[in-house]
Amino acid sequence: MELSDRYSPKEVEGRLYKWWSDKGYFAAQDQSTKPPYSVILPPPNVTGQLHIGHALNHSMQDLLIRWKRMSGFNALWMPGTDHAGIATQGVVERELAKEKLTRRELGREKFLERVWGWKKQYGDRIIEQMKYLGDSCDWDRFVFTLDEGVSLAVRRVFVQLYKKGLIYKGTKLINWSPKLESALSDLEVEYKEIKGSLYHIRYPTEDGKGEVTVATTRPETMLGDVAVAVHPQDERYKALIGKKVRIPLTTRSIPVIADEYVDKEFGSGVVKITPAHDFNDYTIGIRHKLPMITILNRDGTLNENGLAYKGLKVQEARKRVLDDLRAQNFIVKEDPHTHSVGHDSRTGVVAEPMLSEQWFVKMETLAGPAKAVVENGTVSFEPEAWAKTYLHWLNNIQDWCISRQLWWGHRIPAWYCEGCKHINVAETAPVKCEKCNSANLKQEDDVLDTWFSSALWPFSTMGWPEETETLKTFYPTDVLVTGHDIIFFWVARMIMLGLEFRGDVPFRKVLITGLIRDAEGRKMSKSLGNALDPVELIEEFGADSVRFTLLAQVAAGKDLKFSVPRLEGYRNFMNKIWNAARFSLSVLSDFSPPATGVRTLAKIENLSDADSWIIYKLAECERQVDELLGAARFSEAANVLYDFVWHKFCDWYLELIKPVLYGDKQTERVTTQLVLAQTLNRIVRLLHPFVPFITEEIYQKLPIKGEACIVDAYPNPKSDRDWLALGAKEKAQELDLVIEVIAAIRNIRGENRIKPGDDLVVRLSPVEASAQKVLQANKAYIMKLSKLSKCDIDVAGSLSKCALTPVSIHGHKVDVIVYLEGIVDLGEERKRIEKAIEKFQKDMTSLDARLKNDNFVKNAPEDVVVQGRAQLVELSTKIKSLQDSLIRLN
RNA sequence: AGGGGCUUAGCUCAGUUGGUAGAGCGCUACCCUUACAAGGUAGAUGUCGUGGGUUCGAAUCCCCCAGCCCCUACCA
C-alpha cells in the first residue's frame, strides 16, 4: 500500500510546490506556438498578509491559470507587490515612534533607508503565503512597484501626460489628512454618519441694527468666513443682500450675497460661506470671486487666522468657539443633527477640506475612451451590474489629485528652477533649467499616489516602455479578478491608461468577486476579531480544502459567508478523493497499461455495464465542467466534480466493480482495471486546477500518467473524445436501472428496519423483455450491493407477504418484490406502501389536472405534453402495483 | 435622494433560455460491510419574504409592499 490511510496535506504541499517550481512549470514563454493566456495578479501590499479575501481571489486566478495551462495555453500569471505608500510608511513610522523618533527628525534619506530595510525583512511575507495556497505564478517575472523598470514607466507616463496637458499643478480645495499631513484623493475619503449639532448663530449687521441667523455644523470655521449667502428669492432676507454682517468673535465684516445654491427651507435659510474649508462654499466662492481664508495648518491646528484659537486642534477650537459664542449670547439654538463627515480612510481621522497646491490628472479626456470600451463590450464585467457602477463614476468624474506629501513612493519627476521658477518635468534629473539654463534646480518633494503606478501595472510589469516580447505576446491580458471595492481606484484607471499608452484595453474581462463575511454575515476585520486567517486554516485543513471550499461557494460578485463546518465538509471530500485513489491503486497493483498505449483503447471490447456507465458519466461531467469553466461559473463546476467523484465514482462505480476486481475472470478484470486506471487519471486531472496538491500527489503514483499533472492535458469532450466514445448511452441507462433496483431494495430494507447483515430473498418482475435481459446480465451486482441470498428474475410469482416497489427509468419497468414473511412486522411495510401510494396519487392528481387543461395541451411544447402523458400512465401502473401488494400483505 | 443587490429546508447557500425545487452542514434510525466512521445505507423537513399581474404553467418575467445589505451623491 503506497498511500497512507489519511491524507496529510502538510507533508505533501511544501514538497510539491518546490518541485513544480524547480521544474519550471509555472513559467510562461515570451515566444511560443501555444496561444497566450494571461492574468495579472492584483499586487498585494508589501505590508499585507494573506487574508481570506486574497485566498478567494487567488484561488479563482490560479484555477483559471492552471486550467488554461493544462488546456494547451501559454499561460502567464504575472506576480508582483505594491509599495503601498501610506500603509508601509505608516508601519515604519510606528516603529520609529517606539524609538521616540519621527521621520522628520530622521530626514528623508535615512527614513527611506529604514523603509527599504523593513521591506526587505518583512515585505514579501505575503508571497510565501501565496505559495502555501498553491498559486502558480511565474515568479521569475516578479515585479515590485518601486523597481527601476516600473519606476521608469511611471516617469514616462507622468512626463507624457504632463506634455499633453493632462497632468497639471494647481491650487484647489482638496481633501487633507491632518494625521498624514498629506493630500488625499476623493476616493480615499470615507464618509461616515456623525451625530452632531446644527448651531444657529447670530451674525449682527454691520450697522448694529439687525442680525441674521446662520445655521452651521462647524462653528469654528466662521473664522474663515468670507460671506453669508441667502436665496435670491427669499423675501425674509432680500433687503439684506449687498449689506454687510459682522462675524461674531471677530472684527471682520462680510457681505451678504445671493446664491441659488441656498435652500430656503433648511436651517435658517442663511449659509455662512467658508470657501477654504468646504466644497460647496468653495464653488460659491469661485462663482462670486470671494477671497479664501485658510484657517488650518498642515497638522489640523488653527493658524494665525484662527485669532485667539490659534494652535488648537479643530475639535478643541470648536468647543472654545461655542463656549465664547454662548457666553456672548450669539447662539440662538442648537438642534441635534446627523450628517456625514469625510474621514481619511487610512487613518480614520476626519479629513479636512483644504486649499492646497497639488498635482492633478485631468480625467475628462481619459474617461471618454474608457467609457466607450465598456459600453461597446470590449471590456466586460461579470456580473454585468458593475459596468453600471463603473460608467456612473466615469460620468461624474473629478480630476484626480495624485500628489502626496509622503516620502515612500515614486517621487514626482518635476524640478523647480530656483531662478525663474519654471517647472522642469523630465524622466531623468535635468542638469539645468530648460528655460533659463540655471543649474539651481530642486526636485519636487511629493510622491505619487500609489494608485498611479498601479494604473500602469498591466503594461509596466511587462517591460514597457520597451516594446518587449512579453508585451507583444501577453498584452492585453485575458481576465482581471478583483473586488468591487477597487473598481474606481484601480480597474477604471488601468483601462484609461492602458488605452492611452497601449492603444488597447488592459484586459478583456473583469471578474468581480464578493466579500467574504463571517458566519453572521459581518465583514471580517481585525478589529472585530472575526477574521479567519487562511494561513492557519491551510495549516489545519490543507490548502486544497481551503481552495475548494472557496471555489465551491463563489457565485459571481456575491458575498460569501465562510464557515468552518463547511470547510470540514470539503476537507472530508479531500479525504474521500484520497481514499478512492488509495483503494484504486491497491487493486491496480498488478496492472500495467497496455504497451500499445492509450490511443488503441477505442478497441476495448466487452466493457462491463459499469465500465460503460462510468465512462458515460465521465463524459457528461467533462462536458459540464468545460462549459462552466468557460463561463467562469466556478462553483457550479466544482459541484459537478464533487458529485461525479463522490456520488458516481465512489458510491457506485467503485462498489460495482469490486466483484470483478476480486473475482477470478481475468479478462474482465483487466478490462475493468484499465477503465478504473483511466477514469482515476481523468478525475485527478479534472480536479487539479481546483485542488492542485492532492491531485499531483496521487497523479505521481498512477499507473497511467505523464510527467506531471500540472502540465498534463485538461480533459474535455474534444481532447478526450476517443476515450469518452467508449461510454455508450444505452449501456449507461441499463445500469441506471440496476442502480434504481438496488436503491429500491435498500429502501425496503431501511424502512422495514431489516438489519444490514440479514440476507434477503427478492423477486424482480420485469414488465418487458429488455428489462429482463438487463437484470439478468447484472444480477451479480444486484445481489452483492443489496445483500441478497436469492434473486429470481421472473414475471410470475406470489405477492403474498411481500414488499413491493415499482421502479421505472429510461423506459424500463420492473417491480421489485421482497419476501418479508417471518422477517418483519408487516405493519411497517403497510405504512410504507400507503405513504408511497399517497405520494403518487398526489402527483397524479396535479398531473392529471394539467393534462386535462386544453390550454396546456395546446400551448406547451409537445415533448412536455408527451412526457406528462407517459408519466401519468407510469404513475397509475405504479399505484396499481402498490395497491395489489397492499392487499396481499394481509 | 439616486442606483444596485438580497429574502429558497433548522443553518449556510445553489438554482441563466418559465415545465412544478437541490447541495453541504445539522437532525433521526441502523451499520466498525477488508478505500474511507473525515465513512456507509435509509429517512424527515420547504404555502421558494407579502400581495398582485403576465402565462396553459412562475422560485424563475413584470409591478407593489416589507425587511436586510451595499454603492454613489448631498447634508448650512
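Per chain, numbering begins at 1; letters A, B, ... match sequence-line order.
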Gap separating the NZ atom of A:Lys576 from the CZ atom of A:Arg571, nearest 0.5 angstrom: 14.0 Å
Assess the pair A:Phe690 and A:Phe634: is the distance between their ring centroids shorter than 6.0 Å? no
Enumerate the residue pairs fulfilling salt bridge (Lys or Arg N to Asp or Glu O under 4.0 Å) with a member in residues 627-640 of chain A, sequence neighbours excluded, ordered by first and then second residue. A:Arg623-A:Glu627, A:Arg633-A:Glu636
Within the structure, does a side-chain N or O atom of A:Trp646 lie under 4.0 Å from either OP1 or OP2 of B:rG40? yes
Could you give the distance separating B:rA29 and B:rC65 at their C1' atoms, to the nearest angstrom? 45 Å
From B:rA35, B:rA38, B:rA14, nucleotide with atom closest to A:Glu636 side chain: B:rA14
Check the interface with nucleotides 2-8 of chain B: list each N/O to N/O pair with the protein under 3.5 Å, or write none.
none

In short, side chain to side chain donor-acceptor pair (under 3.5 Å) pairs touching residues 221-232 of chain A with sequence neighbours left out are A:Tyr203-A:Asp225, A:Thr221-A:Lys272, A:Asp225-A:Lys272, A:Asp225-A:Thr274
Go nucleotide by nucleotide along RNA chain B from the 5' end; which of A:Asn747 and A:Lys755 gets its closest nucleotide reached first? A:Lys755
Report each atom pair, protein N/O against N/O of nucleotides 32-34 of chain B, whose distance is under 3.5 angstrom.
none

For A:Tyr7 together with A:Trp578, are the ring centres under 6.0 Å from each other? yes
Using a 3.5 Å cut-off on both pairing distances, which stems of three or more Watson-Crick or G-U pairs include RNA chain B? B:1-7 with B:66-72, B:10-13 with B:22-25, B:27-31 with B:39-43, B:51-53 with B:61-63
Provide a list of protein-nucleic acid N or O atom pairs under 3.5 angstrom, restricted to nucleotides 55-60 of chain B.
from: B:rC56; atom 1: OP1; to: A:Asn859; atom 2: ND2; distance (Å): 3.3
from: B:rC56; atom 1: O2'; to: A:Asn853; atom 2: ND2; distance (Å): 2.9

Taking for each residue the nucleotide of RNA chain B with the nearest heavy atom, is it A:Arg566 or A:Ile742 whose nucleotide lies nearer the 5' end? A:Arg566
